[in-house]
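Here's the structure, in structure tokens; my notes come after.
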Amino acid sequence: MPIATTNPATGQVLKTYDPMSDEQVDAAIERAYLAFRQLHGTTLAERGRWLIAAAELLEAERDETARMMTTEMGKTYAAAKAEVTKCAAACRFYADNAVRMLADEPADAGAVKAKRAFIRYQPIGPVLAVMPWNFPLWQVMRFAAPALMAGNTGLLKHASNVPQTALYLEELFRRAGFPEGAFTTLLVGSDAVDRILSDPRVRAATLTGSEVAGRSIAQIAGRELKKTVLELGGSDPFVVMPSADLDGAAEVATTARCQNNGQSCIAAKRFIIHTDVFDAFAERFAARMAALTVGDPMDDATDVGPLATDRGRAEVHAQVQDAADSGATILCGGELPAGGGWFYPPTVVTDLRPGMRMWAEEVFGPVAGLYRASSYEEAIEIANSTSFGLGSNAWTTDPAEQERFATDLDAGSVFINGMTTSYPELPFGGVKNSGYGRELSAVGMREFCNTKTVWVGEGEATAGAGAHSE
């Protein structure tokens, strides 16, 4: 895939970039390695000032940066501005909270026969980040802000269709005051990842992307004995029970399915509706989906812009057509629009069953599948039947059901009576084929830290109680 900016609203190639040579990549890794040694010697207060400076730059340049993202991958201008604002907030969050998150944690010294014993969190070195195009600023920032604040350095291999955003991120951290090489963008294709991650100067990797990409990164990292965090696909359930506020659920469901033009791993995709309220919800939901405005993402009146790539749109349409050809019912949408750009209408499909592609696959576009459940137990069975386990939603006002959903939904997060999203304050990640490890919160910051045990004796020769065994 060429490294280029192609406007999804028109299909026009706006800028192309030459991939970096092996020599340029090696030089970038060396800069990241040297920058780590320098960054490791700075204080949290210094790094916090640089992160605040990055936040201020993001806020000052919000409109211009949002316009760049919209041009590169098609999200609405309003959504792009919100993404920039969220990134600035994340920088401020880690600058304000890192001292608490990375503070030494005291242990029971007496229990381990020590004068003092504690846990210390220290950075591990350069981390390779392989990132996707759908949230081109936020996906990177939720790794970069905590990693840099902890004292690690970053090497970014971004998606090939968002090179301008990738280069902007490198310049952002440099202008904010971080040492040269602390965060470096590598304009390379996927074929370069093996060599980069195999380099002994690179200590870990984080990836947000497909299952295929995740398995590849994990295989390389396993061979090299390096830590990885993987956030892969999702086919999130959105369960609606009889006690739910149907109008509220349908309104949130529409946003949850069509946010980012339907291209979000944590977008609700499978809508599992109790049979007692199925028809009433389906009518409300389909009406709202059909009423959304599809068009120019720079127009404030637009709700849904184009999909990021022509190939992605073709895949979404093929999944819908497979369902229709196998007996599913399309309540709205499902037709390729005429004209230029990679647009796809908000679509609602029901009467799905095993064997259809939509039953088992993630649909990465504004397409919702409706499933009927006759009981709580059947709703859980359908919700957990997928190989994915990223986010999940449940709508019920019954406290007992809320408690059961929190336990029974097999996912990295459960949002009850609200839309799944990510917050710097909360861990983010999945289970099953949605990956492992966590981003965000103190948990995410510590993923790329050495959790070091420190044991201090009285100054005399002392053997610990477990000195001769692990």
Side-chain angles (χ1 to χ4, degrees), residues 32 35-62 64-66 69 81-105 119-127 129 131 135-156 165-166 168-185 204 206 208 229 231 421-429 437-451:
F36 167 66
R37 296 170 65 180
Q38 181 181 352
L39 200 62
H40 192 20
T42 62
T43 65
L44 284 169
E46 287 177 293
R47 301 198 291 269
R49 286 194 295 271
W50 296 333
L51 262 190
I52 292 295
E56 292 171 346
L57 286 168
L58 286 165
E59 289 160 349
E61 298 164 2
R62 185 196 66 167
E64 178 184 355
T65 305
M69 285 196 291
K81 287 188 287 187
E83 183 171 337
V84 178
T85 299
K86 186 172 185 176
C87 288
C91 289
R92 293 184 183 278
F93 173 79
Y94 282 104
D96 292 343
N97 291 281
V99 170
R100 171 179 58 83
M101 293 174 173
L102 297 176
D104 290 348
E105 290 187 11
I119 300 165
R120 175 161 290 173
Y121 297 100
Q122 293 182 296
I124 59 174
V127 180
M131 293 289 123
F135 290 90
L137 208 67
W138 171 243
Q139 301 274 19
V140 178
M141 191 60 70
R142 70 189 194 195
F143 151 73
L148 289 170
M149 193 65 203
N152 295 298
T153 56
L155 292 160
L156 172 63
T165 304
Y168 173 80
L169 282 156
E170 177 179 328
E171 287 300 304
L172 172 73
F173 291 117
R174 183 188 61 77
R175 289 186 292 140
F178 282 92
E180 187 73 26
F183 193 88
T184 303
T185 287
T206 179
T208 298
V229 170
E231 192 264 278
T421 188
S422 56
Y423 296 97
E425 296 85 353
L426 294 172
F428 180 86
R438 292 295 181 264
E439 296 177 298
L440 302 176
S441 79
V443 177
M445 174 173 267
R446 294 168 182 168
E447 286 280 12
F448 296 115
C449 288
N450 172 18
T451 303

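By the side-chain hydrogen bond (donor to acceptor under 3.5 Å, both in side chains) test, T42 pairs with R47, sequence neighbours left out. Residues that satisfy the side-chain contact (heavy atoms from CB on, under 4.5 Å) test with A53, not counting sequence neighbours, are A176. S441 meets the side-chain contact (heavy atoms from CB on, under 4.5 Å) test with P427, V443; sequence neighbours excluded. For T208, the side-chain hydrogen bond (donor to acceptor under 3.5 Å, both in side chains) criterion is met by no residue, not counting sequence neighbours. With sequence neighbours excluded, the residues forming a side-chain hydrogen bond (donor to acceptor under 3.5 Å, both in side chains) with R174 are E171, listed by chain and number.
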Yes or no on side chain to side chain contact (heavy atoms under 4.5 Å, CB included) for M141 and L169, after CA distance, side-chain angles and deciding distance? CA-CA 9 Å; M141 191 60 70; L169 282 156; 4.2 Å; yes

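Sorted by first then second residue, the side chain to side chain donor-acceptor pair (under 3.5 Å) pairs that include residues 48-60, not counting sequence neighbours, are E59-R92.
Considering CD1 of I124 and OG1 of T451, their distance stands at 10.0 Å, rounded to 0.5 Å. In this structure, the separation between CZ on R142 and CZ on F135 is 8.5 Å, given to the nearest 0.5 Å. Atoms CG and CE, from D96 and M149 in turn, are 9.0 Å apart once rounded to the nearest 0.5 Å. Note that CZ of F93 and CE of M101 are 3.5 Å apart. Values are rounded to the nearest 0.5 Å. We find the CD-CG distance between E83 and L58 to be 10.5 Å, quoted to the nearest 0.5 Å.
The closest donor-acceptor contact from the side chain of E46 to the backbone of T43 lies under 3.5 Å. Counting only distance, with no hydrogens or angles, the side chain of E447 and the backbone of R438 share a donor-acceptor pair below 3.5 Å. A donor-acceptor pair is defined here as one N or O able to donate and one able to accept, closer than 3.5 Å; no such pair exists between the side chain of N152 and the backbone of P126. Looking at E170, its side chain does come within 3.5 Å of a backbone N or O of T185 through a donor-acceptor pair. Side-chain atoms of T153 come within 3.5 Å of backbone N or O of A32 as a donor-acceptor pair. Counting only distance, with no hydrogens or angles, the side chain of Q139 and the backbone of M131 share no donor-acceptor pair below 3.5 Å.
For E425, the CD atom counts as densely surrounded, since its 6.0 Å shell holds more than 12 non-hydrogen atoms of other residues, nucleotides or ligands. Around the CZ atom of R37, the shell of radius 6.0 Å holds no more than 12 heavy atoms that belong to other residues, nucleotides or ligands.
Taking the six-membered ring where tryptophan is involved, the planes of F173 and F178 are perpendicular, since the angle between them exceeds 60° and thus also 30°. Classified by interplanar angle (parallel below 30°, tilted 30° to 60°, perpendicular above 60°), the ring pair F183/F143 is tilted.
Residues T421 and F428 have side chains not in contact (no heavy-atom distance under 4.5 Å, counting atoms from C-beta outward).
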